[in-house]
Amino acid sequence: MGMERKSTIERKLTIDIKKIRSEFPILHQEVNGKPLVYFDNAATSQKPIQVIKAIDDYYGRYNANIHRGVHHLSQVATDAYEKARRTSQKFINAEHEHEVLFTAGTTDSINLVAQTWGRKNIQKGDEIILTQLEHHSNIVPWQMLAEEKGAIIKVVDINEAGELDMEGYKSLLCNATKLVAFNHISNALGTLNPVKEMTALAHNAGATVLIDGAQSVPHMKVDVQELDADFYTFSAHKICGPTGVGVLYGKEALLEKMPPWRGGGEMIKTVSFSGTTYNELPFKFEAGTPHIEGGIVMGVAMDYLNQIGLENIAAYEAELLEYGVQKMAELEYIDFIGTAKEKASVISFNMKGAHPFDVGTILDKLGIAVRTGHHCCQPLMERLGIPGTVRASFAFYNTKEEIDALVSGLERAHKMFS
Ligand SMILES: Cc1ncc(COP(=O)(O)O)c(C=O)c1O
């Protein structure tokens with residue numbers, strides 16, 4: 001008890017919310033005549049001034065193509081880009097810098113693994129295990145691969161709370177399992193999955209593991225070596241960085257053996273019409289001019305989060321989640337969708353007698369941005385027997401006062417529907 005109280009006090013001191021909010025210009029505006037409350041952070045995060053300035057700085061001071069220029073600007077840009085790779089390496093504690101590939105984001109990374117590792121290693125009759133909680137981007141690339149190869153997809157079910165059925169998972173693992181792919185945190189329900197245990201179980205069965213970290217890296221410190229992930233991926237835009245860029249981490253031994261995917265400049269060592277030799281890691285997988293500014297600024301966004309401290313972010317967001325759940329539980333017409341014991345700061349819910357879209361539209365009129373619908377998880381919604389949910393997802397720049405505004409908005413919406 002004493003310990004608990006102490007840790008709450010410590011938590012309160014760790015985030016300077018006033019300073020943080022002052023760094024996000026977009027938050028200080030009115031929408032429909034009300035102060036904006038941005039609760040669509042699981043879709044994309046907002047950007048602090050440090051990130052916005054870094055984009056300006058790149059184009060205003062050192063825009064140039066990288067890796068092949070001898071001139072000054074090209075060298076400055078190359079240094080900044082490769083520095084961002086080292087920042088990314090540290091951000092997820094990868095053993096080697098060249099295990100960090102820059103991609104267009106989570107979707108692109110998963111397609112890369114499916115098309116290179118997958119096409120090489122998955123054969124007819126092999127099994128791929130996914131979970132009921134997956135985002136479409138961790139389903140469709142595997143379906144495309146399975147269709148091409150004649151492989152079989154198996155799905156881990158969930159319980160009432162939206163937690164994975166671990167006994168069911170264990171029973172699906174067998175000699176035929178070649179790949180297991182699952183998210184670290186569910187974007188639709190917020191469930192935090194036991195990914196370390198799941199990875200160990202998959203490895204015992206001889207399978208390779210891909211973890212979709214799109215929703216975890218914004219909220220917690222991730223250590224790919226500790227998790228023993230074979231592949232781990234995430235997108236910059238969910239961690240205060242730009243859209244269209246992200247990271248695919250892969251273990252060196254796997255990446256070395258994988259054939260390249262996209263062909264073109266940068267990914268080659270030599271090209272002749274009698275044959276081409278490929279570049280070393282990570283460039284083998286980075287064909288063409290990359291999203292240079294995106295990569296650099298993703299590093300700036302990581303520095304920003306590191307400076308606040310991911311442990312502080314996690315603790316503060318846990319407080320927001322606790323507060324939100326407590327306040328919304330007082331509204332008897334709200335059904336929580338997803339009540340896992342281990343959860344990120346995501347509240348998915350429905351209002352009795354109202355369609356999620358209508359609830360979202362009323363909240364928008366009150367300046368409150370939430371997501372409504374299937375959240376790119378149609379199989380999950382089908383499993384839950386609902387058309388969709390309203391999702392309020394909190395970030396470290398949100399406040400309890402904003403949650404109060406959401407609760408009043410829901411009260412107002414309920415009056416309109418009853
Ligand atoms: C769990 C999860 N996986 C994958 C994605 C896809 O990310 P992106 O659209 O950045 O490729 C998202 C985006 O919402 C997500 O939440």
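By convention here, the first residue in the shown sequence is residue 1. Counting starts at 1 for both ligands and their atoms, following the listed order.
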Review point. For ligand 1, is there an atom lying under 4.0 Å from some heavy atom of H237?
Key: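 Yes, H237 has heavy atoms under 4.0 Å from ligand 1.
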
Exercise for review: Determine whether any heavy atom of D212 lies closer than 4.0 Å to an atom of ligand 1.
Suggested key: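 Yes.
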
Check your understanding: So which protein heavy atom does atom 15 (C) of ligand 1 come closest to, and at what separation?
Key ->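 For atom 15 (C) of ligand 1, the nearest protein heavy atom is H135 CD2, 3.3 Å.
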
Practice item. Around atom 13 (C) of ligand 1, find the nearest protein heavy atom and jot down its residue, atom name and distance. Key: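 Residue, atom and distance for the closest contact: K238 NZ, 2.8 Å.
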
Numbered atoms of ligand 1 (with element) below 4.0 Å of [X], judged on heavy atoms:
X    : result
T107 : 6 (C), 7 (O), 8 (P), 9 (O), 11 (O)
S137 : 3 (N), 4 (C), 5 (C), 6 (C)
S235 : 7 (O), 8 (P), 10 (O), 11 (O)

Review point. Are any of the N/O atoms in Q215 less than 3.5 Å from those in ligand 1?
Key: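 Yes; the residue has a nitrogen or oxygen that sits under 3.5 Å from a nitrogen or oxygen of the ligand.
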
Taking the inter-plane angle between the rings of [X] and [Y] on a 0 to 90° scale, is it parallel (under 30°), tilted (30 to 60°) or perpendicular (over 60°)?
X    : Y    : answer
Y397 : F24  : tilted
H374 : H136 : tilted
H98  : H96  : parallel

Work out which heavy atom in [X] is nearest to a heavy atom in [Y]; give both atom names and the distance.
X    : Y    : answer
H219 : F394 : CE1-O, 3.7 Å
A202 : V180 : CB-CG2, 3.7 Å
H67  : E82  : NE2-OE2, 2.8 Å

